[in-house]
Participant: 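Input: one structure, supplied below.
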Amino acid sequence: MNLVYPGAFLHNRYRVLQPIGKGGLSQTFDVDDAGTVKVLKVLNLQRFDNTEGKKKTISLFQREADVLSRLNYPGIPNVDSDGYFVLSEPEQEPIHCLVMEKIHGLNLQQWLEQNNQPMTQDHAVAWLRQLVIILEKLHQEGLIHRDIKPSNIMLKPDGQLALIDFGGVREVTETYLRNITGTGLISPGYTPPEQAEGKAVLQSDYFALGRTLVHLITGTHPIDLDRDPRTGKLLWYANAPQISKPLADLIDYLMALLPSRRPQTPQLILKYLDELTTPAATPSRLEPVLPRSPRQNPPLKRSLLQKLGIVLPSPSRSLISWKRVVPRGTLTGHTGTVAAIAISSEHQLLISGSHDTTIKLWSLRSKTLLQTLNYHRDRITDIALSPTGQCFASSSFDKTISLWSLPEGTLQQTLTRHLHKVIGITFSPNGRILISISSREIYIWSVQSGRLLRSLSDAETDNIRAIAFDAGGKTCIVGYLDGTIEVWNPHTGQRIYTISTHMGGVMSVVISPNSRFLATSVGRTVQLWNAKTYEPLRTLNNGFDGSSAIAFHPNSHVLANGGDREIALWNPQTGQLLQCLTGHTNPIRTVAFSPDGIVLASGSQDQTIKLWLPVP
């Protein structure tokens, strides 16, 4: 393995930084890929003295590369299509390499060692839900992870989990692997009986997941817990008084000794979790009366309301209350996560961007697909509508930003100066400049000329996550995964103010149209700040996991917050919950109000877009 060492330049692309780990069959390194730190996994074949063992292990390694390059899911390390390669020199054993996304954070074994308090019920439910959704993605491919345990689950800075170490994902018997490699795919305390006998099935992952939860909840390794001598059932519940009996029963269900007695599908587990966490109906006293000042609320376009099936009882009603909201249609057609949505009231269009690399233009009137734009070469990360309504911008992991005309959807120009994957874009209120961000870069562009005007980020920055303009266009807000929020003057390139949430990574930032509120999504909460003084005002805790999708209504009196599979509607002035909207079957990635305030749209990992309308 003398070809791989700190400073080596591999595959004409990757600079080796430092070794970070070593296991029985592989060694890992940090590598730099054009400014992005990734993980290089190098297969160790030196321990083999037989050809069959080498071939089988290489096959498993190639399988891991193939699986990760196909899955393309946030809870699973991403691998580019060319992430697997082989290094060779004369008279030396070829070196098999796999470069994957670096998942930052702690693994749950490290988290367990650092955490001095027992895991709460809400915490356990949230993590179980995340892991089941990740397994659902894996199992849809007919694949079994076969090595779920705390050390193979990463807790990212944004509070989300990721499953790692897919080296054993292939359905190969443990006995066979033990015979050819000298090491088995058994993790004592986590591996189910059928897998130990070389007969792993999809439900084998549920057993290991249940045992992992027991370890996290009790703080005791499963092998150190007693078992019922008659049934073999793990006796753990007495060590977890904070866990309710229904949740304990679900965990025991996951850990049934026979695969046929475990849940047969991830959907069934999610259904049980929903029954555990479904709140009672929101009392009517929590529904505030919204202000009705015509100066603060734009007039409604009655024709569009009628076309969408809403008829106002009186022409004098100048404000629709969002305290009662109902679903009014689902748009289907994307084959990947719907990551971004923008709505043009003027053209009665909804624009959506997806991880399937496409942008779709939909008619709000007929709820039909009008056009699909296939220009980008990688997942779409954001869609921004120009305040003029004459164009929109799209950003992508392909490191480009595209500007499109409306309503025809013609490509006007492409901005290509980014060195890293572009994750967010926003127009200034006058539509003259555009800000784009990657994890390391903040670029200011002239919309008319497409010229890069300046960069705001520091050279050492590597955790930029969100961007927003204030309503006046004089400043912009940047959110970072380390919990920092910075205020910049985009016209001079000067940093004005820095604050820290001390509560986790900032995933989204939005400023209310009336310039009163700054909303930031941090973990499972939305933090509200005074947008002028940057003093903290209140915390909105929606009770579901993930809060990165946030949007203000144009009148600034309603805040939509999407996460998990629900949308919470809040009154930001009082912090009162107005309503929770359900209907998506997977986590919600984006929410957007129409500029006229008539429609709310949400996009999800379930590949659908849902339209929501208020009931007069």
Side-chain angles (χ1 to χ4, degrees), residues 10-11 13-14 16-23 25-43 60-85 96-111 127 130-141 143-170 205 208-209 212 336-337 339 355 378-379 381 397 420-421 423 438-439 462-463 465 481 505 546 587 589 605:
L10 310 179
H11 205 49
R13 178 174 176 178
Y14 306 106
V16 180
L17 300 177
Q18 60 186 353
I20 55 175
K22 189 172 185 179
L25 294 176
S26 65
Q27 186 172 359
T28 53
F29 300 82
D30 275 339
V31 296
D32 179 84
D33 179 14
T36 299
V37 177
K38 296 184 177 179
V39 172
L40 167 68
K41 187 174 183 178
V42 180
L43 190 60
L60 286 172
F61 195 69
Q62 293 170 334
R63 174 67 164 180
E64 179 178 12
D66 177 65
V67 167
L68 293 178
S69 64
R70 283 191 291 113
L71 287 177
N72 193 22
Y73 184 75
I76 297 171
N78 184 48
V79 169
D80 294 334
S81 58
D82 58 351
Y84 170 76
F85 56 92
H96 296 261
C97 301
L98 174 61
V99 177
M100 65 185 73
E101 174 190 4
K102 183 177 179 65
I103 304 293
H104 296 275
L106 299 174
N107 68 49
L108 294 193
Q109 181 64 46
Q110 296 168 324
W111 177 88
W127 279 8
Q130 284 191 49
L131 292 168
V132 170
I133 291 172
I134 294 172
L135 285 178
E136 179 181 29
K137 184 71 174 179
L138 190 65
H139 291 177
Q140 284 173 351
E141 300 288 332
L143 303 171
I144 312 168
H145 187 276
R146 300 198 307 154
D147 200 17
I148 295 174
K149 55 186 177 182
S151 60
N152 281 342
I153 303 169
M154 296 294 296
L155 175 60
K156 298 191 289 186
D158 63 0
Q160 301 299 299
L161 299 179
L163 196 56
I164 62 172
D165 197 350
F166 287 75
V169 75
R170 195 170 193 172
D205 281 343
L209 178 57
T212 296
T337 295
H355 287 182
D378 207 334
R379 65 171 65 176
T381 55
F397 266 20
H420 307 280
K421 298 173 180 177
I423 58 176
S438 71
S439 64
D462 190 24
N463 61 358
R465 186 60 183 88
L481 289 178
R589 295 295 302 275
Q605 288 176 197

Participant: Test side-chain contact (heavy atoms from CB on, under 4.5 Å) on Ile134 and Ile76; report intermediate values, then the result.
Facilitator: CA-CA 7 Å; Ile134 294 172; Ile76 297 171; 3.8 Å; yes
Participant: Minimum heavy-atom separation for Val16 to Phe29, with atom names?
Facilitator: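 Smallest interatomic distance, heavy atoms only, reads CG1-CD2, 3.9 Å.
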Participant: According to the interplanar angle, ranging from 0 to 90°, do the rings of His96 and Phe61 count as parallel (below 30°), tilted (30 to 60°) or perpendicular (above 60°)?
Facilitator: perpendicular
Participant: Could you check if a side-chain atom of Val42 sits within less than 4.5 angstrom of a side-chain atom of Thr28, using non-hydrogen atoms only?
Facilitator: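 No. Closest side-chain heavy atoms not under 4.5 Å.
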Participant: Please examine the side chains of Glu101 and Val79, heavy atoms only from C-beta on, and report whether any two atoms are closer than 4.5 Å.
Facilitator: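 The answer is no; the side chains never approach within 4.5 Å.
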Participant: Give the intermediate values and the outcome of side-chain contact (heavy atoms from CB on, under 4.5 Å) for residues Ile20 and Val39.
Facilitator: CA-CA 9 Å; Ile20 55 175; Val39 172; 4.2 Å; yes
Participant: State the CD-NE2 distance between Gln605 and His355, to the nearest 0.5 angstrom.
Facilitator: 7.5 Å
Participant: With rounding to the nearest 0.5 Å, note down the distance linking OG1 in Thr381 to CZ in Arg589.
Facilitator: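 The OG1 atom of Thr381 sits 10.0 Å away from the CZ atom of Arg589.
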Participant: Please report the closest heavy-atom contact between Thr36 and His420, naming both atoms and the distance.
Facilitator: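 Heavy-atom minimum between the residues: OG1-ND1, 3.0 Å.
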Participant: If you take all heavy atoms of Pro19 and Gln27, which pair is closest and at what distance?
Facilitator: CB-NE2, 4.1 Å
Participant: Donor-acceptor pair, distance only, cut-off 3.5 Å: does the side chain of Asp80 make one with the backbone of Asp82?
Facilitator: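 Flag not set: sc Asp80 to bb Asp82 has no pair under 3.5 Å.
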Participant: Identify the two heavy atoms, one from Leu481 and one from Pro157, that lie closest to each other, and give their separation to 0.1 Å.
Facilitator: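 Heavy atoms of Leu481 and Pro157 come nearest at O-CB, 3.8 Å.
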Participant: Take Lys38 and Met100 through the test side-chain contact (heavy atoms from CB on, under 4.5 Å) and record every step on the way to the result.
Facilitator: CA-CA 6 Å; Lys38 296 184 177 179; Met100 65 185 73; over 6 Å; no
Participant: Looking at side-chain heavy atoms only, is the closest gap between Leu155 and Trp127 below 4.5 Å?
Facilitator: yes
Participant: How far does OH of Tyr84 sit from NZ of Lys41, to the nearest 0.5 angstrom?
Facilitator: 12.5 Å
Participant: If you look at every heavy atom in Asn107 and Ser151, which pair is closest and at what distance?
Facilitator: CB-O, 3.6 Å
Participant: Does any non-hydrogen side-chain atom of Leu138 lie less than 4.5 Å from one of His145?
Facilitator: yes
Participant: How many angstroms lie between CG in Leu98 and CG in Leu43, if you round to the nearest 0.5 Å?
Facilitator: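 Rounded to the nearest 0.5 Å, the CG-CG separation comes out at 10.0 Å.
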Participant: Examine distances only and state if a side-chain atom of Asn152 and a backbone atom of Asp147 form a donor-acceptor pair shorter than 3.5 Å.
Facilitator: yes
Participant: Does the side chain of Leu135 reach to within under 4.5 Å of the side chain of Leu163, using non-hydrogen atoms?
Facilitator: yes
Participant: Do Ser439 and Asn463 come close enough that some side-chain heavy atom pair is under 4.5 Å?
Facilitator: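 No, side chains not in contact.
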Participant: Taking C-beta and beyond as the side chain, do Ile423 and Phe397 meet within less than 4.5 Å on heavy atoms?
Facilitator: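 Answer yes - side chains close enough.
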Participant: Which atom names give the shortest non-hydrogen contact between Gly159 and Gln130, and what distance separates them?
Facilitator: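 Of all heavy-atom pairs spanning Gly159 and Gln130, the closest is O-NE2, 3.6 Å.
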Participant: Quick one: pull up CG in Leu131 and CG in Asp205 and give me the separation to the nearest 0.5 Å.
Facilitator: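 Output value for this atom pair is 11.0 Å.
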Participant: What's the verdict on ring-ring contact (aromatic ring centres under 6.0 Å, His included) for Tyr14 and Phe85, showing C-alpha distance, side-chain angles and the deciding distance?
Facilitator: CA-CA 12 Å; Tyr14 306 106; Phe85 56 92; 5.8 Å; yes
Participant: Once rounded to the nearest 0.5 Å, what's the spacing between atom NZ of Lys156 and atom CG of Leu106?
Facilitator: 14.0 Å
Participant: I would like to know whether Val31 and Gln18 meet side-chain contact (heavy atoms from CB on, under 4.5 Å); could you show each step before the answer?
Facilitator: CA-CA 7 Å; Val31 296; Gln18 60 186 353; over 6 Å; no
Participant: So, do Met154 and Leu161 sit near enough that their side-chain heavy atoms are less than 4.5 Å apart?
Facilitator: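 In short, these two side chains do not touch, never coming nearer than 4.5 Å.
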